[in-house]
Amino acid sequence: MDVKQRSNLLESSCLFPPPLGHHFISKRCRFHVTNLFPFSYFLFSLFAGVKLSYGTAGFRADASILQSTMFRMGILAALRSLKTHSVIGLMITASHNKVSDNGVKIADPCGGMLSQHWEPFSDQLANAPDPQTLLLLIIEFVKKENIPFDGAFTAEILLGRDTRPSGESLLEAAKQGVSSIVGAVSHDMGILTTPQLHWMVRARNKGLKATESDYFEQLLSSFRCLMDLIPNESKMDEIEDRLIVDGANGVGGEKLEVIKKMLSSLVIEVHNTGKAGGILNEGVGADFVQKEKVVPHGFGSNHAGIRCASLDGDADRLVYFSVASNSSNKIDLVDGDKILSLFAVFIKEQLSILEGDMKGNNNYKASLGVIQTAYANGASTDYLKHLGLEVVLTPTGVKYLHARAALYDIGIYFEANGHGTILFSEHYLSWLEAKNIELSSISQGSELQKAALRLLAVSKLINQAVGDALSGLLLVEAILRHMGWSIHRWNELYQDLPSRQLKVQVVDRTAVVTANAETVVVSPAGLQEAINAEIAKYIKGRSFVRPSGTEDVVRVYSEASTQEEADSLANSVAELVDRFLGVGSS
């Protein structure tokens, strides 16, 4: 592409402010172009051989190769803001990955994840091999999406980062990306948990206050409301007041220390805050605890029987555990399935009170949905169905869970890894507010009004933008006190079925096509029938396979009544996958 062609290309876009260099002038706007290329003044180099893919976790990689990615995602965030006429978020984190990694996630106007429609563009942008290709991609996408550059709206981006040492320099690269779009502005919100930034984006776009102080105030005032509404007959003596939290040596531990100072009704000890030399996510954190089922660093037999919790590196996952009394490192895990079950029991109870003896004319029966993936333990699904709840399975991934939960008046979703939340529809919240006002005039302080107040408090305490370990922890603590349950009573809701996960190397993962929320193999023909034959050999047997989203492997999940049978079933199904699709099958 010669200088004249570059000049024409730029004049047609009017997207970028002038870097240093020669001048090209059009009737619409003016650009300054260097002899080499207009981006050469501020473009970060793309590392050769690196190919990134935007998924549920955004982009993640070794931090040393992400400068270019951050710059380009700054551009994308500004374009997204112009397209939606909304504030957009850009969070720099790699969640539960090792400390040398980093990554970036884009928060959409609702506070949720980036629209799937924009994911292919983000991949193209991040992987554009040279400045010319990058600029062409941007200009073509702007035209295709009809993104306005009429000056009527200023792109606005909220930036956040976790505690990783690489975060500061990567944030600067993102800032430069944002400012490369004419008029776009970015606000550095500082060191945050990922859910805090998502919450801020959602709040800003709803016209609400959206500082970190506002976040803490909303969580704590809602928590105190729930505590004030605990029934007098609840047996508080059954609950060990002491809560010990593993902060994963990350940002969640720091923020929990802030919450701890503002709460007098909770006795919290925070371990692994990162301030005593601990390394982020190394032998600590929710991901480690949930997968390894052992105590995180700093926990041992002296904590046996005490209620413990673990956050992940950016505090969007939460699991509970207690140290086994007969071991110094084994734990009794209370995972995301059990957290979902606790929330479902409580919400169902409040709805039953509110809908069971309604007074007045403003009556309404809310739709309540519980959303899981096929990876949810079968015992949890059976338990929830036994309660009479509507349980729906979706394909694996938060974007599917969140979207399905949003179809209900109240939708609850969680993954076993501890990521999940509760969604309340705007319609139902409006009805609930009106019902509370009605009840306050005809039956102030009644159980019906208390139920309405509890549901309203939950809607404010839980982070409806995304899974949030801090808000989730406060809700768990409030509900346990409401129910009068210890962690052991909670863990006894049901007994998990033993399970096993394996993966099988295949020639082409796309050869596997699934249906029914990834529980049934449609292709290759005959594989599902063979899996069904194996499942039939085991008591409470269940197994499914699904292709990986990032590598040529097929993942196998199996359950059965004993660990030995779960292992056997998983191995049998893995052999079937290898026979149909493995490297030797061709």
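These figures come from a predicted structure and were not determined experimentally.
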Side chain to side chain donor-acceptor pair (under 3.5 Å) evaluation trace for Ser561 with Glu565: CA-CA 7 Å; Ser561 58; Glu565 291 188 340; 3.0 Å; yes
From CA spacing to verdict: salt bridge (Lys or Arg N to Asp or Glu O under 4.0 Å), Asp316, Lys105: CA-CA 13 Å; Asp316 67 352; Lys105 299 178 182 179; 3.5 Å; yes
Ile88/Leu158 under side-chain contact (heavy atoms from CB on, under 4.5 Å): CA gap, chis, key distance, verdict: CA-CA 6 Å; Ile88 296 295; Leu158 304 186; over 6 Å; no
Worked check of side chain to side chain donor-acceptor pair (under 3.5 Å) between Thr394 and Tyr413: CA-CA 10 Å; Thr394 72; Tyr413 74 85; over 6 Å; no
Check against salt bridge (Lys or Arg N to Asp or Glu O under 4.0 Å), Glu119 and Lys399: CA-CA 12 Å; Glu119 287 183 10; Lys399 56 190 173 186; 3.7 Å; yes
Test log, rule side-chain contact (heavy atoms from CB on, under 4.5 Å), inputs Leu170 and Arg161: CA-CA 9 Å; Leu170 293 177; Arg161 62 184 177 94; over 6 Å; no
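Looking at every heavy atom in both residues, Thr396 comes nearest to Glu518 through OG1-OE1, 2.7 Å. Heavy atoms only, all atoms of each residue included: Lys338 and Asn491 are closest at NZ-OD1, 2.7 Å. Of all heavy-atom pairs between Thr514 and Arg546, the closest is CG2-CA, 4.4 Å. Across Val545 and Val554, no two heavy atoms sit closer than the pair CB-CG1, 3.8 Å. Pairing each heavy atom of Arg72 with each of Ala126, the nearest pair is NH1-O, 3.5 Å. When all heavy atoms of Asn205 and Ser86 are compared, the closest pair comes out as OD1-CB, 3.4 Å.
Using bins of under 30°, 30° to 60° and over 60° for the plane-to-plane angle, the ring pair Tyr54/Phe59 lands in the perpendicular bin.
Separating the CG atom in Leu137 from the CG atom in Leu76 is a distance of 11.5 Å, to the nearest 0.5 Å. Taking OG of Ser558 as the start and CG of Leu569 as the end, the distance is 3.5 Å to the nearest 0.5 Å. Distance CD/Gln464 to CZ/Arg202: 4.5 Å, rounded to 0.5 Å. The CG atom of Asn463 sits 5.0 Å away from the OG atom of Ser471 when rounded to the nearest 0.5 Å. Taken to the nearest 0.5 Å, the CD1 atom of Ile106 stands 9.0 Å off from the NE2 atom of His198. Atoms CG and CG, from Leu318 and Asp468 in turn, are 9.5 Å apart once rounded to the nearest 0.5 Å.
Using a 4.0 Å cut-off between a side-chain N of Lys or Arg and a carboxylate O of Asp or Glu, Arg80 and Glu145 do not qualify as a salt bridge. Residues Glu172 and Lys175 are paired through a salt bridge, judged by an N-O separation under 4.0 Å between the basic side chain and the carboxylate.
By the 4.5 Å heavy-atom criterion applied to side chains, Thr421 and Val466 are not counted as neighbours. The closest side-chain heavy-atom distance from Asp337 to Tyr494 is below 4.5 Å.
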Distance-only criterion, 3.5 Å: show the donor-acceptor pairs between side-chain atoms of residues 501-512 and protein atoms not counting sequence neighbours.
residue, atom, partner, partner atom, Å
Gln505, NE2, Asp552, O, 3.3
Asp508, OD1, Thr510, N, 3.0
Asp508, OD1, Thr510, OG1, 2.6
Asp508, OD2, Thr510, OG1, 2.8
Arg509, NE, Ser548, O, 2.9
Arg509, NH1, Asp552, OD1, 3.4

Check residues 90-104 and write down every donor-acceptor pair under 3.5 Å in which the side-chain atom is one partner and the other belongs to a residue at least two apart or another chain.
residue, atom, partner, partner atom, Å
Thr93, OG1, Ser95, N, 3.0
Thr93, OG1, Asp162, OD2, 2.8
Ser95, OG, Asp312, OD2, 2.9
Ser95, OG, Asp314, OD1, 3.0
Asn97, OD1, Arg60, NH1, 3.1
Asn97, ND2, Asp101, OD2, 3.2
Asn102, OD1, Thr93, N, 3.3
Asn102, ND2, Ser166, OG, 2.8

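The six-membered or imidazole ring of Phe414 lies away from that of His419, with a centre-to-centre distance of 6.0 Å or more.
The side-chain hydrogen bond (donor to acceptor under 3.5 Å, both in side chains) check on Tyr408 picks up Glu390, with sequence neighbours excluded.
Under the 3.5 Å distance criterion, with hydrogens and angles disregarded, no donor-acceptor pair is assigned to the side chains of Glu415 and Thr373. For the residue pair Glu575 / Asn571, no side-chain donor-acceptor distance below 3.5 Å is found, with atom types taken as modelled. A donor atom on one side chain and an acceptor atom on the other are not found under 3.5 Å apart for Thr519 and Asn516. Using modelled atom types and a 3.5 Å distance limit, the side chains of Glu559 and Ser543 yield no donor-acceptor pair. Side-chain contact, Ser499 with Tyr375: no donor N or O sits under 3.5 Å from an acceptor N or O.
Applying the 6.0 Å contact sphere to CD of Glu551 captures more than 12 heavy atoms from other residues, nucleotides or ligands. Under a cut-off of 6.0 angstrom, the local environment of NZ in Lys540 is sparse, with at most 12 non-hydrogen atoms contributed by other residues, nucleotides or ligands. Atom CD of Glu168 has 12 or fewer heavy atoms from other residues, nucleotides or ligands within 6.0 Å.
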